[in-house]
Amino acid sequence: MFDISRRHFVVGAGAGFGATLIGANATASPGGGRLSQNPFALGVASGDPLSDSVILWTRLAVDPLDESGFAGMPARTVPVQWQVAEDPGMRRVVRRGTFRARPENAHSVHVDVRGLRPGREYWYRFKVMRWLSPIGRTRTAPAPHEMPASLAMAFASCAQYEHGFFTAYRRLAQDHPDLVLHLGDYQYEYRANTYVSPDGNVRDHAGPETCDLASYRQRHAQYKADEDLQSAHAVAPWLVVWDDHEIDNNWAAGVPENTEAEENNGTPAAFAARRRDAFRAYWENMPLRLPQPKGASFRIYRRTQWGRLATFHMMDTRQYRDDQLYGDGWKAKGPEIDTPGRSMTGEAQEKWLLDGFTASRQRWDILGQQVFFAAQDADAGPGEKYSMDAWDGYRANRSRLTKGWTEAGVRNPVVLTGDVHKHWANDLKLDWSDPDSPVVGSELVCSSITSTGDGSHSTTSPNQRINPHLKFFNDDRGYVTTRITPEAMTAEFRSLDIVTKPGADAVTKARFRIEDGVRGLQRA
């Protein structure tokens, strides 16, 4: 076990040795002057692992709440030394270099470290002048031909800073996963006390509603300054995708939640500018392998292969979707709900997914996505009522995906979901109207880290009686840990009784097992 607070550093030379610098300017001059404060207030992170490479991230900041979005940093390029070692004491350094952190990128650092060995743990850190970063732990993916014995993967979503303390991130880190998936709502866009939880807000957002580059940068910095979140980033590499609140609540492609809101100025061009700034700030503040976005579109759907054990299909269910039907929210079923052309994914992403199912030879195909996938009728009578923001509002698109993985012979399809601030475990079907229709996959839904406060602690939902394929429900905050082996995938729903005060323990409220080649969830 390593200590994420250790700050050892071995100074080395050889700028760029063993690495590709994403977004770096090799000819930039560092300029003069010295920093008088530790610039690592936002911690360190890693992500998007390959079998020979991983992305290392930090962002220099001395004043995370600086309204300019530059986190108190000087308007000059700052050289940042980095090291990767085979041991947590940083004695066996295997890669090192220097990255030039530029003010136009909010002094963010993305180092693509190459030449690493597959399926290995590594430790890393950064140095600016005399200042040392915390040490982070990361891991490369196994070689493509290798079948690893197991993978410890955790996933989380929905961390509203005002609604509680990020203790769940700390507990996730203490579970020591090999890989973390974040499925969206990493941050929230609201100004202070706009979105108030039933338990009351326990801390405040700084700045206005995020609508431009400065405010998105400031909000990311406020979240990243949280030490519990930093601990989760430092323990393992992350795969991240956004949902809605990284930009605007329930946005759909070019349509904001409220077209007339001051933040959107009532025009498509204004919302496009808001998306452009949100996407750029997201790239600056995440350990992404992707190149910097250039405008109001940013392709973040992508795959990560974990040897022969698993493929992670990381999806984007916001940027390409048709607008929600009937004004959004929970609405009675209408005739348009089954329109064949309605799409959550967009045509290109749907084809990418179906092609991936056809090509997959991995034991497990895991979809990391944002919104509730299983059908969930909320009308106990003869009618039908569904969430128009979830896959129930895009039923033809969902049907094509489930038929696609079935016809492609995907061995073990599992959908991972966030968004709804509750734990769920669901069987997936081709025909939701037939209780005897065969199960074709499984869905695991993580609760929120903090969003909506402490929760009711309920373990039953009325909708389970209407929808017998919904096998588990829990209204606590938390996350999900999994152990994936060639024989089975076991999921533990980890819950905290309280988030409005720091320090709660995480307990396992339920455990489910999915056997290799056997469709459906089994209570473990």
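Computed from heavy atoms alone, side chains included, the values below leave out hydrogens, waters and symmetry copies.
No salt bridge links R465 with D377; every basic N to acidic carboxylate O contact stays at or beyond 4.0 Å. A salt bridge links D392 to R398: one of the charged nitrogens lies within less than 4.0 Å of a carboxylate oxygen. The residues E284 and R59 are annotated as not salt-bridged, no charged nitrogen and carboxylate oxygen being separated by less than 4.0 angstrom.
Two residues are said to be in side-chain contact when any heavy atoms from C-beta on lie closer than 4.5 Å; L56 and V44 fail this criterion. Within the 4.5 Å cutoff, side-chain heavy atoms of E227 are placed close to those of R170. Two residues are said to be in side-chain contact when any heavy atoms from C-beta on lie closer than 4.5 Å; D516 and R411 meet this criterion. In this structure the side chain of R519 reaches within 4.5 angstrom of the side chain of P413, judged on heavy atoms. Taking the side chain as every heavy atom from C-beta outward, S197 and Q160 never approach each other to under 4.5 Å. Counting only heavy atoms from C-beta outward, the side chains of W82 and T58 never approach each other to under 4.5 Å. Residues Q369 and V241 are not in side-chain contact: their nearest non-hydrogen atoms beyond the backbone lie 4.5 Å or more apart. At a threshold of 4.5 Å between non-hydrogen side-chain atoms, the residues C158 and Y188 count as touching.
The ring-ring contact (aromatic ring centres under 6.0 Å, His included) with H423 is formed by just one residue from the set Y479, F493, F155, F512; it is F493. The one candidate from H220, R219, Q222 that meets the side-chain hydrogen bond (donor to acceptor under 3.5 Å, both in side chains) condition with Q187 is H220. Of the listed residues (F473, W424, Y386), just one forms a ring-ring contact (aromatic ring centres under 6.0 Å, His included) with F372, and that residue is W424.
Counted by atom type alone, N426 and E443 present one or more donor-acceptor pairs between their side chains at under 3.5 Å. There is a side-chain donor-acceptor pair under 3.5 Å between W242 and D316. In the model, S46 has no side-chain atom that pairs as donor or acceptor with a side-chain atom of Y122 under 3.5 Å. Of the N and O atoms on the side chains of D475 and S456, at least one donor lies less than 3.5 Å from an acceptor on the other residue. Between the side chains of D185 and S451, no donor N or O sits under 3.5 Å from an acceptor N or O.
With hydrogens and angles ignored, the 3.5 Å screen pairs no side-chain donor or acceptor of N467 with any backbone N or O of H469. Counting only distance, with no hydrogens or angles, the side chain of R289 and the backbone of G47 share no donor-acceptor pair below 3.5 Å. Listed for the S437 side chain is no donor-acceptor partner under 3.5 Å among the backbone atoms of W432. The main-chain N or O of R92 is never found under 3.5 Å from a side-chain atom of E86 such that the two would form a donor-acceptor pair. Side chain of Q230 to backbone of A41: a donor-acceptor contact under 3.5 angstrom is found. At least one donor-acceptor pair closer than 3.5 Å links the side chain of D199 to the backbone N or O of D454. Put simply, the side chain of T485 never gets that close to the backbone of S150: no donor and acceptor are under 3.5 Å apart.
When all heavy atoms are compared, the tightest approach of L172 to A156 is CD1-CB, 4.3 Å. Shown here for L42 and A225, the closest heavy-atom pair between the two residues is CD2-N, 3.9 Å. M489 and L416 make their closest contact through CE-CD2, 4.4 Å (heavy atoms, listed as atom of the first residue, atom of the second, distance). Minimum heavy-atom separation, A71 to A61: CB-CB, 3.4 Å. Minimum interatomic distance between L470 and A374 (heavy atoms only, all atoms of both residues): CD2-CB, 4.2 Å. Residues G517 and N412 share a closest heavy-atom pair of N-OD1, 2.8 Å.
To the nearest 0.5 Å, the span separating CG on L496 from NZ on K509 amounts to 9.5 Å. Interatomic distance, L325 CG to K331 NZ, rounded to the nearest 0.5 Å: 9.5 Å. Annotation: the span from R494 atom CZ to C446 atom SG amounts to 14.0 Å, rounded to 0.5 Å.
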Practice problem: Take R321 and D389 through the salt bridge (Lys or Arg N to Asp or Glu O under 4.0 Å) test and state the conclusion after the steps. | Solution: CA-CA 10 Å; R321 67 158 69 191; D389 189 54; 3.0 Å; yes

Exercise. Go through R117 and T140 one step at a time and tell me if the side chain to side chain contact (heavy atoms under 4.5 Å, CB included) criterion holds.
Key: CA-CA 7 Å; R117 300 170 70 183; T140 53; 5.8 Å; no

Quiz item: Taking it one step at a time, do D365 and R363 satisfy salt bridge (Lys or Arg N to Asp or Glu O under 4.0 Å)?
Solution: CA-CA 7 Å; D365 278 84; R363 189 66 54 94; over 6 Å; no

Self-check item: Candidate pair W364 and L151, rule side chain to side chain contact (heavy atoms under 4.5 Å, CB included), full reasoning
Solution: CA-CA 11 Å; W364 301 87; L151 167 66; over 6 Å; no

Exercise. Applying side chain to side chain contact (heavy atoms under 4.5 Å, CB included), run through K224 and M286 and close with a yes or a no.
Key: CA-CA 10 Å; K224 278 289 200 315; M286 294 294 174; 4.0 Å; yes

Quiz item: Can you check side chain to side chain contact (heavy atoms under 4.5 Å, CB included) on M344 and V371, steps first, answer last?
Solution: CA-CA 10 Å; M344 174 83 76; V371 294; 3.5 Å; yes

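Between F279 and W251, the ring-plane angle classifies as tilted under the 30° and 60° cut-offs. Y195 and H163 have perpendicular rings, their planes meeting at more than 60° on a 0 to 90° scale where under 30° would count as parallel.
In this structure W238 satisfies the side-chain hydrogen bond (donor to acceptor under 3.5 Å, both in side chains) test with no other residue, sequence neighbours excluded. Among residues two or more places apart in sequence or in another chain, the side-chain hydrogen bond (donor to acceptor under 3.5 Å, both in side chains) test is passed with K422 by none. Here E121 pairs with R137 under the side-chain hydrogen bond (donor to acceptor under 3.5 Å, both in side chains) rule; sequence neighbours left out. Here E515 pairs with R513 under the side-chain hydrogen bond (donor to acceptor under 3.5 Å, both in side chains) rule; sequence neighbours left out. With sequence neighbours excluded, no residue satisfies ring pair (Phe, Tyr, Trp, His ring centres under 6.0 Å) with W306. In this structure W352 satisfies the ring pair (Phe, Tyr, Trp, His ring centres under 6.0 Å) test together with Y301, sequence neighbours excluded.
Ring-centre distance between W283 and F298: not below the 6.0 Å cut-off. Centroid-to-centroid, the aromatic rings of H233 and Y169 stay 6.0 Å apart or farther.
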